[in-house]
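Input: a single structure, listed below in structure tokens.
Positions are given from 1, in the same order as the sequence printed here. Every number for a ligand or one of its atoms is a count from 1 in the order of the listing.
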Amino acid sequence: MKVLVVGSGGREHALVWKIAQSPLLTALHAAPGSAAMAEHATCHDVAVSDLDGLVELAKAESVDLVVVGPENPLCDGLADRLHQAGIATFGPSRLAARLETSKAFAKDFYARHNVPSARYGTFSDAAEAKAFLDQFEPPYVLKADGLAAGKGVVIVEDRADAEAEIDAFLSGKFGDASKTLVIEEFMAGEEVSVFALCDGEHVLFCGAAQDHKRVGEGDTGPNTGGMGAYSPAPVATQALIDTAMKTIIEPVANGLAAEGHPFRGVLFAGLMVTSEGPKVVEFNIRFGDPECQVLVMRIANDFLPYLNAAATGGLAEMAPIDWSPEPAITVVMATRGYPESYEKGSVIRGVAEANRMEGVHVFEAGTARNADGERIAAGGRVLNVTASGESLHYAVDRAYAAIDQIDWPDGFCRRDIAWRALKRH
Ligand code: AMP
Ligand code: GLY
């Protein structure tokens, strides 16, 4: 099979690394890819926003399957364009992707299909929104309707702060994304991410993980795209996964199909484990980054047939994924200053040494090579130091031992990834 992976980050590096191991593979391409991915794939200088260019590339290389990493091209209709060109695609259509693009759409959709989620209201009028706050106890949860780079959720204790935020949202705090806002009930509990492949009709469990969104140790400081993740997540017991598949994932897949937008790709359910069972916080329509990095470390079988089945049908005939019993953890190394401002270009040494350690793989999220061929930082989140081991403790120790091999004075990481899970042991 000829495969094209779309994207350039750590998630896509992990997918490329895993797909490259498939005996079914005859050619692997990436767009735009990265210096790190070039070890396994032919990289093409086509941006993820260049839908025409991506379709042309897929045609020119006669690829059999396109695997799309990030949400943006999917939300813009890349899968629709590829289907029109007759090319199988792992990733949903634009209308199925509304699950991630529009919180208002998503909340109404859950309500239509009896998927457990927080009570909510959708507003574009400030007075109505403020009056709706009467229906809730603090803390108040306010969400921009549209995509706001992971920043469009505000949780405040104080009623006056909530009213001020309503005014700020509706006057464009997040641009057009917050012209409509969702106010919802606060759900107390522990969060977990559950992944499921979907071929339009059938779903197949594809792992559970927990991540750390805050930049600082002890889960403090500003939100980020994710500073680390681990799988399995102890809170995701078999009973919880079964309930989540039955009451959340299957109704979502069936609901999208029934409404004429069958979902092909991976459903990423962000769940709150509440005293009443799992409830949806949000859905994403692609793999998590960095959650994908730990999932692929744990998948013992050839993953390419699964990705292909999700894209083309036939998941019902596939065996459940064979999960390595060894837990995996990934620790994000970021450039000092992230998630605010930071400099690019600092030299990173020791990645090869870290990679040589048993059970360790360093996925590269934002690196490039300088004129001397040295590895340099080219983004905020830069390295995903990923390790597996016979216990979570062992995996954590390995990941941090690998980090200690990496010589990058301008980088930093959290030293407490997986603390919640370790505390349970
Ligand atoms: P979202 O972008 O919808 O995932 O929200 C970002 C984060 O805000 C989530 O990961 C949760 O930690 C938190 N959050 C969102 N909605 C709620 C809610 N209804 N109750 C409690 N926490 C929430
Ligand atoms: N790590 C969270 C996300 O990919 O959205």
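- Under a 4.0 Å criterion applied to the non-hydrogen atoms of Met272, ligand 1 contributes the atoms 21 (C), 22 (N).
- When Arg286, Glu282, Arg11, Glu291 are checked for heavy-atom proximity to atom 5 (O) of ligand 2, Arg286 turns out nearest.
- Contact analysis puts Ile155 in contact with ligand 1, with a non-hydrogen atom separation below 4.0 angstrom.
- More than 12 heavy atoms of other residues, nucleotides or ligands lie within 6.0 Å of CZ in Arg214, so this atom counts as buried by the packing criterion.
- If you take CG on Leu170 and OG on Ser178, they are separated by 7.0 Å, rounding to the nearest 0.5 Å.
- Applying the 4.0 Å criterion to heavy atoms of Gly288 picks out, from ligand 2, the atoms 4 (O).
- Here is the list of ligand 1 atoms found below 4.0 Å of a heavy atom in Val141: 16 (N), 17 (C), 18 (C).
- For ligand 2, the atoms sitting less than 4.0 Å from at least one non-hydrogen atom of Gly225 are 1 (N), 2 (C), numbered in the order shown with element in parentheses.
- Residue Glu190 places its CD atom among more than 12 non-hydrogen atoms of other residues, nucleotides or ligands, all under 6.0 Å distant.
- Between the OG1 atom of Thr312 and the CG atom of Asn308 there is a distance of 4.0 Å, given to the nearest 0.5 Å.
- A distance of 10.0 Å separates CG of Asn72 from OG1 of Thr101, quoted to the nearest 0.5 Å.
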>> Would Phe169 and Phe174 count as a ring pair (Phe, Tyr, Trp, His ring centres under 6.0 Å) here? Give the steps.
In response: CA-CA 7 Å; Phe169 269 65; Phe174 297 108; 5.3 Å; yes
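- From the protein, the heavy atom lying nearest to atom 16 (N) of ligand 1 is Lys143 NZ, 3.0 Å.
- Closest protein heavy atom to atom 4 (O) of ligand 1: Glu282 CD, 2.9 Å.
- Counting protein heavy atoms under 4.0 angstrom from atom 7 (C) of ligand 1 gives zero.
- Here the protein heavy atom with the shortest distance to atom 12 (O) of ligand 1 is Glu191 OE2, 2.4 Å.
- Among protein heavy atoms, atom 20 (N) of ligand 1 sits closest to Met187 N, 2.8 Å.
- Remark: minimum distance from atom 2 (O) of ligand 1 to any protein heavy atom is reached at Val153 CG2, 3.3 Å.
- Between Phe363 and Trp17, the ring planes lie perpendicular to each other; the angle is over 60°, past the 30° to 60° tilted range.
- Near Asp211, meaning under 4.0 Å from one of its heavy atoms, ligand 2 places the atoms 1 (N), 2 (C).
- With Glu184, Lys103, Glu100 as candidates, the residue nearest to atom 18 (C) of ligand 1 on a non-hydrogen basis is Glu184.
- Remark: Gln135 CD is packed, more than 12 non-hydrogen atoms of other residues, nucleotides or ligands lying under 6.0 Å away.
- Side-chain contact check for Asp410 and Thr335: no donor-acceptor pair (N or O, by modelled atom type) lies under 3.5 Å.
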